[in-house]
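Being a predicted model, the structure only gives us computed values, none of them experimental. To find a chain, count down the sequence lines: A is the first, B the second, and so on, and within it residues start at 1.
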Amino acid sequence: MKGKPLASIASAGLSKFGRRDGLYARELFLEAVNEAVERCPNVDLRKDVQALFVGHMGESYEHQGHTGPTLADWAGLLPAPAVRVEAACASSGVALRLGILAIASGLFNVVMVGGVEKMTHRTTAEAVEFLAMASDFPFEQWHGVTFPGLFALMATAHMNKYGTTEEQMALVAVKNHRNGSLNPKAHFQREVTLEEALASRVVAWPLKLYDCCPISDGAGCLILTKPELAKRFTDEPVHIVGSGQASDSIGVYEREEFTSLAAAKEAARQAYETAGLSPKDVQIAEVHDCFTIAEIIAYEDLGFCKPGEGGRLVEEGITALNGSMPVNTSGGLKAKGHPVGATGVAQAYEICLQLTGQAGRRQVEGVNVGLTHNVGGSGATAVVNIYKRG
Amino acid sequence: MEAVEKLAFTIEQFYAFVKGRRIMAAKCTKCEAIMLPPRFVCKACRSTNLKWVELEGRGKLLTYTIINVAPSRFQRLAPYVVGIVQLKDGPNLLGMIRGVKPEEVRIGMDLIVDFEPPEGGAWPAWPRYYFKPA
Ligand SMILES: [Zn+2]
């Protein structure tokens with residue numbers, strides 16, 4: 001069983017991320033679906049796609065619930081069953097996971113997995129309020145901690161325990177902005193300097209504006225199929241060979257330690273085990289850098305380095321585009337943007353482009369194994385998947 | 001105490017105690033686990049034989065942040081410090097840290113809980129506790 005593909009990605013699509021005035025979530029989703037169909041002329045959506053699993057965090061943004069069938073309709077999938085998944089920032093990571101399980105179960109030949117969020121038409125205060133719902137209400141939100149504040153609690157603990165610095169965190173932003181400047185779909189396509197990042201205003205000390213990902217609009221879509229059917233749809237399938245998902249307490253304060261995410265470590269363990277691979281086999285990764293400290297912790301939780309060495313990894317350029325282990329070649333959440341419900345699928349989209357040599361100016365040469373790491377909220381959900389070029 | 005024993009081990013009841021300026025936790029009489037917030041089934045052993053215990057409210061600061069960009073309901077307080085405190089009795093609790101300049105807050109410092117006067121207002125109208133230097 002080990003290393004045998006669980007499911008294969010036949011095609012992928014992504015809307016442009018950023019401020020997308022005048023478009024609704026369903027329209028952004030259609031933009032992503034359209035690209036997936038253009039890339040895969042052999043797929044007949046209505047005939048082939050048997051179900052939709054779609055990540056979407058908040059009905060507050062557009063005053064719209066019941067998004068599963070709405071998005072299935074816009075995608076042209078009716079009457080296929082549709083499931084909307086809410087797992088905060090890991091909504092579409094979990095949707096992807098459900099798609100993998102549906103295919104691996106043998107009950108479905110082809111499913112669509114997607115994710116979408118339309119956020120920028122609301123005020124920042126409103127968006128922040130909606131995002132805060134991903135943290136514990138009675139014991140966190142009620143006592144004045146914000147969402148950046150929860151990751152700031154982890155950052156302070158990491159600095160105190162390991163000597164991680166504000167400069168190292170800022171370097172994550174510098175790296176991801178550089179990558180984003182090479183991604184035509186990124187929200188921010190401009191570089192930032194270390195000085196700019198360090199001088200940006202404090203949001204929740206030690207995190208500054210440039211340590212935080214933006215509020216963005218965007219959507220993503222994947223078409224999954226059985227590995228043995230993949231060649232029917234594409235000459236270049238990407239196989240999902242490892243997959244893991246885990247949960248933790250929603251309250252950060254309830255956890256045994258604040259310098260790692262137990263759910264991410266467990267999801268990674270499952271993913272490596274199902275793939276029969278180890279961290280050293282991974283050549284490229286998209287990790288959940290909602291805040292810069294989260295990328296540093298991700299390196300450690302995924303086993304790319306020992307606990308406490310994450311800061312050094314970015315400082316030494318190991319995770320840069322030209323480093324030995326490029327991370328967030330898309331620009332990550334930091335520069336590509338973070339339409340929360342779309343992020344998990346957007347990460348898989350980037351890995352697909354990289355493994356099939358379609359990443360343009362940010363292409364990393366000779367990569368065969370990639371990994372995605374998607375975290376919900378402050379770490380109560382984590383999904384890790386491992387991909388291999390077909 | 002007999003009346004206290006009969007009160008449900010709920011979040012609502014926890015905050016009712018906070019209104020009376022007490023931090024109360026549920027203690028499992030079978031495995032001794034202390035649950036904060038309380039639950040009516042033991043997290044560790046699933047026993048329902050529980051009792052209320054009053055925590056001393058003293059502890060050490062494990063980690064903290066200084067919130068500069070605050071939600072609307074806390075805007076008038078910004079910048080303010082929020083931290084996670086490990087109580088002497090075991091469990092952790094998150095709260096604001098007052099009575100010390102943000103730049104003077106240190107991990108490991110000794111803190112003690114205090115209580116805000118209840119505000120009332122819309123749901124959930126829970127009273128708040130916070131920490132200050134011991
Ligand atoms: Zn017990």
**Prompt:** Less than 6.0 Å separating the ring centroids of B:Trp126 and A:Phe137?
**Reply:** yes
**Fill in**
Looking only at A:Ala157, A:Gly251, A:Pro138, A:Gly149, the option with the highest number of non-hydrogen pairs under 4.5 Å against chain B is A:Pro138
**Prompt:** Non-hydrogen atoms of chain A under 4.5 Å away: do they reach the side chain of B:Leu94, the backbone, both or neither?
**Reply:** both
**Item:** Heavy-atom pair with the smallest gap, counting every atom of A:Trp142 and B:Ala125
**Value:** CH2-N, 4.1 Å
**Side-chain heavy atoms of B:Thr63 within contact of A:Met154, under 4.5 Å** = no
**Complete:** The interface call for B:Leu77 against chain A, heavy-atom contacts under 4.5 Å, is neither
**Complete:** Heavy-atom nearest pair, A:Gly144 first then B:Ile67, reads O-CG1, 4.0 Å
**Asked** So which heavy atom on B:Asn92 is nearest to which on A:Tyr253, and how close?
**Response** ND2-O, 3.0 Å
**Residue selection (most heavy-atom pairs with chain A, distance under 4.5 Å) from B:Tyr129, B:Phe14, B:Tyr80** = B:Tyr129
**Request:** Please tell me if the side chains of B:Lys43 and A:Glu254 come closer than 4.5 Å, counting only heavy atoms from C-beta onward.
**Result:** yes
**Message:** If you count every heavy atom of other residues, nucleotides or ligands that lies below 6.0 Å from B:Gln75 atom CD, does the total exceed 12?
**Reply:** yes
**Asked** Does a sphere of radius 6.0 Å around CZ in B:Arg98 hold more than 12 heavy atoms from other residues, nucleotides or ligands, not counting ones at 6.0 Å or beyond?
**Response** yes
**Prompt:** For A:Arg201, is it the side chain, the backbone, both, or neither that has a heavy atom closer than 4.5 Å to a heavy atom of chain B?
**Reply:** side chain
**Fill in**
Between A:Thr146 and B:Pro71, the two heavy atoms sitting closest are CG2-CD, 3.5 Å
**Message:** If we count only N and O atoms by modelled type, under 3.5 Å, do the side chains of A:His143 and B:Tyr130 hold a donor and an acceptor together?
**Reply:** no
**Prompt:** Does some side-chain heavy atom of B:Asn68 sit less than 4.5 Å from a side-chain heavy atom of A:Val203?
**Reply:** no
**Item:** Nearest heavy-atom neighbours spanning A:Ala152 and B:Thr65
**Value:** CB-OG1, 3.2 Å
**Request:** Compare all side-chain heavy atoms of B:Ile66 with those of A:Val202 and state whether any distance is below 4.5 angstrom.
**Result:** no
**Fill in**
Note: vs chain A, highest number of non-hydrogen pairs under 4.5 angstrom among B:Leu62, B:Val82, B:Leu36, B:Ile84 is B:Ile84
**Asked** Quick check: are there more than 12 heavy atoms from other residues, nucleotides or ligands sitting under 6.0 Å from CD of B:Glu103?
**Response** yes
**Request:** Give the member of B:Pro124, B:Gly95, B:Ala70, B:Ser72 that has the highest number of heavy-atom pairs under 4.5 Å with chain A.
**Result:** B:Pro124
**Request:** Below 4.5 Å from any heavy atom of chain B, which atoms of A:Phe139 appear? Answer side chain, backbone, both or neither.
**Result:** both
For residues 125-132 of chain A, which side-chain N or O atoms pair as donor and acceptor with protein atoms under 3.5 Å away, sequence neighbours left out?
{"unit_1": "A:Glu126", "atom_1": "OE1", "unit_2": "A:Arg122", "atom_2": "NE", "d": "2.9"}
{"unit_1": "A:Glu126", "atom_1": "OE1", "unit_2": "A:Thr123", "atom_2": "N", "d": "3.0"}
{"unit_1": "A:Glu126", "atom_1": "OE1", "unit_2": "A:Thr123", "atom_2": "OG1", "d": "3.4"}
{"unit_1": "A:Glu126", "atom_1": "OE2", "unit_2": "A:Arg122", "atom_2": "NH2", "d": "3.4"}

